[in-house]
Amino acid sequence: MRVFINIAFYRIKSFYRDTFTFLFTIILPLIFVIIFGFVFGESATGTNEYGISLGIIKDNSDLVQVLKELGDMKVVLVDNEEELRNQVLGGYIDGGVIFDRNEFNLLINFSSFQQKPFLRTLGENLANVYALHEIGKGRGIVKVEEEFIDPGKVRVTSLGYSIPGVLSFSISGSIFTMIALFGYYRKRKVLKRFAVTPISPLSFVSGMVFANVILSILSCILVLLVAQIIFNLNFSINWGLFLLSLFSSILGMMVLGIILSALFKEPQTANNVGNLLVNIMLFFSGVYFPLDFLPNYLKILARFLPLYYVGKALRISVGVEEGDLSFIYTLSTIMVLIFVFLISIFGRKILSLEED
Amino acid sequence: MIIKNSTYFFKSAIREKAYIFWCIAFPAILMMILITIFSSLYEVKRVNFDIYLVKNESGDFSNIIYNVFEDLSKGEEKIFNLKIFKDISIGEKLLEDLKKGKTKLIVEIPEGFDSLVLSNITMRMFGADVNPVPIKVYTLRHSLSSQAASMVVRSIIDRMNLEFVKRMTNVNEYKVKSKILGSKKGFSYVDFIFPGIVIIAIFFTGMFGIGQELSWYREGKILKRFQLTPISPLNFFLSYFLSRFYFFILQILVLSFVGKVIYKSSVNPFSFYFIFYVFLTMFTISTFGFFISAVAKNTNSANVIGQILNFPLQFLGGIYFPVNDVPWFVKWIVIINPITYLAAGIRDTLGIMPSPYPIYLTILIPLVYFLIFLLISIKKYRNMELT
């Protein structure tokens with residue numbers, strides 16, 4: 001037990017001395033949260049549910065009135081068509097409407113369209129409501145009364161909803177801790193030196209894994225707390241579930257690291273493949289980009305990526321998404337079991353592998 | 001001599017699998033990933049949404065709405081996958097389904113809807129100003145597809161209103177044109193991202209490649225050994241830069257192949273402006289790499305400096321999305337970021353997207369960075385070699 005604690009303690013100390021690992025695990029997710037928070041901050045905390053800002057030329061007071069009737073929209077008045085186009089092109093507003101008494105021209109900023117594909121239907125809505133307004137019929141006989149349902153227990157901004165995704169980015173770093181342990185340590189004959197000591201492979205591996213898990217959990221909690229403070233986010237964290245999700249997700253990512261170390265003898269190759277895998281997972285698992293409008297084959301691909309489930313488990317545990325508790329329990333059990341199975345095989349082999 | 005040395009450096013670099021991966025393969029993979037995700041978003045042709053319609057009325061008006069929704073849920077071009085519920089008491093269960101993503105939207109025709117619509121029409125015929133009768137729509141917050149489905153339902157209801165009113169009075173109908181703006185000619189995501197990825201590829205090689213490799217040369221005393229050879233420092237650095245120049249050309253060829261041949265981009269990689277900005281990027285970013293290698297204590301520090309600069313420069317340079325409308329405390333990173341000007345300049349001159357800055361600034365600011373970092377690097381290296 002003493003050996004286990006010493007090794008874990010050594011690993012924690014070396015983590016703070018290893019600037020690269022420290023940076024990747026703690027600083028980068030923080031930078032990511034801050035950049036994304038401030039860049040998407042306005043739409044995230046926006047003044048309207050859809051976060052739409054629409055520009056129109058000043059001289060059309062009827063249109064201003066109609067846009068107000070449409071609701072859920074920030075209206076920006078501009079002097080002329082050129083200014084309107086420049087505002088849309090520059091991304092200062094999501095779109096602009098040009099109306100020449102015959103036709104509505106809806107100009108949509110391409111980047112806004114990425115985030116709000118529903119802008120596509122806005123022109124039709126506007127034309128219909130304008131036609132009714134023109135004959136003094138307001139919104140007509142029937143109107144939609146919209147109620148927004150929070151997916152979780154608490155109401156959070158879009159930024160708050162995406163924070164669990166940032167945490168999963170942090171967690172994905174665990175892949176590389178296992179590549180370091182089973183790849184680089186082996187290559188640099190670090191483990192061989194332990195073989196001449198009375199330390200058992202089990203104590204060594206479990207001590208290292210334990211320390212890495214603790215460090216990753218601490219870094220995730222730090223990112224979560226910093227994001228909560230800076231952006232005034234209000235999560236409803238179930239700490240038991242959150243820690244369980246973190247713990248099992250970290251082990252799940254470590255499983256990937258072990259598999260890569262086993263597949264690629266050269267740790268640098270395993271590292272590169274790991275990096276590529278992390279990037280693919282970040283893009284296709286719905287962490288940063290919504291999967292809703294992707295083609296079906298990409299949605300199916302997402303279901304095979306562990307980060308998809310990690311993100312969901314974290315969202316449930318911080319209360320921004322509702323889901324069955326059985327989901328987290330099942331996911332955690334699967335990840336822990338696979339981890340125990342693989343670590344028991346590779347942990348035993350770790351010293352003998354180095355002999356090869 | 002310089003050519004010979006540069007060939008040696010180049011050969012040495014292409015033997016490094018990691019170098020090839022990060023500098024050649026990764027930018028191409030990144031471009032493919034971005035195009036796969038975002039092009040599909042812009043080219044959505046047939047999207048259909050799972051929606052629940054709660055209808056416990058069977059009068060004329062609620063049946064009209066029901067029929068419209070049912071019609072829109074048939075055939076290959078259907079918009080909805082519709083499920084009808086008549087028992088309003090199961091509302092809580094339906095909301096649970098919405099939260100769990102089993103449906104994207106719940107549309108509820110409330111009790112007494114038909115009589116309310118009838119009285120509304122009657123009152124209007126007598127000239128009274130009455131509020132429209134509500135149809136309840138439950139939308140899931142943070143769900144794009146739920147919001148999109150809601151917008152479609154709004155559009156349908158507004159259209160139905162127009163049809164109702166048309167039976168009572170004359171109504172003007174207006175044509176609608178929607179256009180995605182992002183370019184001067186017409187928006188193409190491939191055209192938008194292609195020059196951006198070229199800049200990012202040069203950025204990876206210039207900043208990480210040069211920065212880390214030269215730091216490693218210093219740390220491993222390789223630079224000192226070069227001092228003992230007849231190769232002058234100028235010869236060394238020119239040869240080294242030339243070897244990276246070959247690398248940049250290789251990167252651009254690979255990316256141009258992916259952009260032009262696979263994704264049919266209309267950007268001409270042989271156009272004067274493309275080549276001009278690519279060269280400007282090469283020189284500017286390479287001096288970043290030389291600067292990092294000159295100020296970093298060792299390879300690890302060079303890596304750390306590179307990583308710290310990487311995210312703000314990459315994400316706040318307007319490569320992936322416009323960064324004009326950001327708060328002032330982030331805006332200053334955008335303003336001092338040379339990538340901002342390089343990306344804006346290349347896109348403007350190629351006719352992809354107008355630059356928010358004057359064109360002379362998109363050339364001048366990167367040039368200023370180039371000169372400053374070049375001078376600092378030369379000074380640092382001179383002092384270093386003397387000691």
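Just so it is clear: chains get the letters A, B, ... in the order the sequence lines come, proteins before strands, and each one is counted from 1.
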Subject >> Donor + acceptor pair across side chains of Glu134(A), Tyr174(B) (<3.5 Å) >> reply: yes
Original post:
Can you say whether Phe327(A) sits under 4.5 Å from chain B via the side chain, the backbone, both, or neither, judging by heavy atoms?
Top reply: neither
Subject >> Contact winner vs chain B - Ile280(A), Asn105(A), Asn272(A), Val97(A), heavy-atom pairs under 4.5 Å >> reply: Asn272(A)
Subject >> Aromatic ring proximity, centroids under 6.0 angstrom, Phe148(A) and Tyr138(B) >> reply: no
**OP:** Give a yes or no on this: more than 12 heavy atoms of other residues, nucleotides or ligands lie within 6.0 Å of atom CE of Met32(B).
**Re:** yes
Original post:
When only pairs under 4.5 Å are counted, which of Arg85(A), Glu321(A), Glu103(A) shares the most heavy-atom pairs with chain B?
Top reply: Glu103(A)
**OP:** Inspect the contact between Asp158(B) and Lys143(A) and indicate whether a charged nitrogen and a carboxylate oxygen are less than 4.0 angstrom apart.
**Re:** no
Original post:
How close do Ser155(B) and Asn128(A) get, heavy atom to heavy atom, and via which atoms?
Top reply: O-ND2, 3.7 Å
Original post:
Do the non-hydrogen side-chain atoms of Asn102(A) and Lys175(B) ever get within less than 4.5 Å of each other?
Top reply: no
**OP:** Would you check, one step at a time, whether the test side chain to side chain contact (heavy atoms under 4.5 Å, CB included) holds for Leu276(A) with Trp22(B)?
**Re:** CA-CA 9 Å; Leu276(A) 184 64; Trp22(B) 285 112; 5.9 Å; no
Original post:
Parallel under 30°, tilted from 30 to 60°, perpendicular over 60°: which one fits the rings of Tyr161(A) and His142(B)?
Top reply: parallel
Original post:
Using 4.0 Å as the upper bound for N to carboxylate O, is an ion pair formed by Lys136(B) and Glu147(A)?
Top reply: yes
**OP:** Compute the ring centroids of Phe110(A) and Tyr189(B), then answer whether they are less than 6.0 Å apart.
**Re:** no
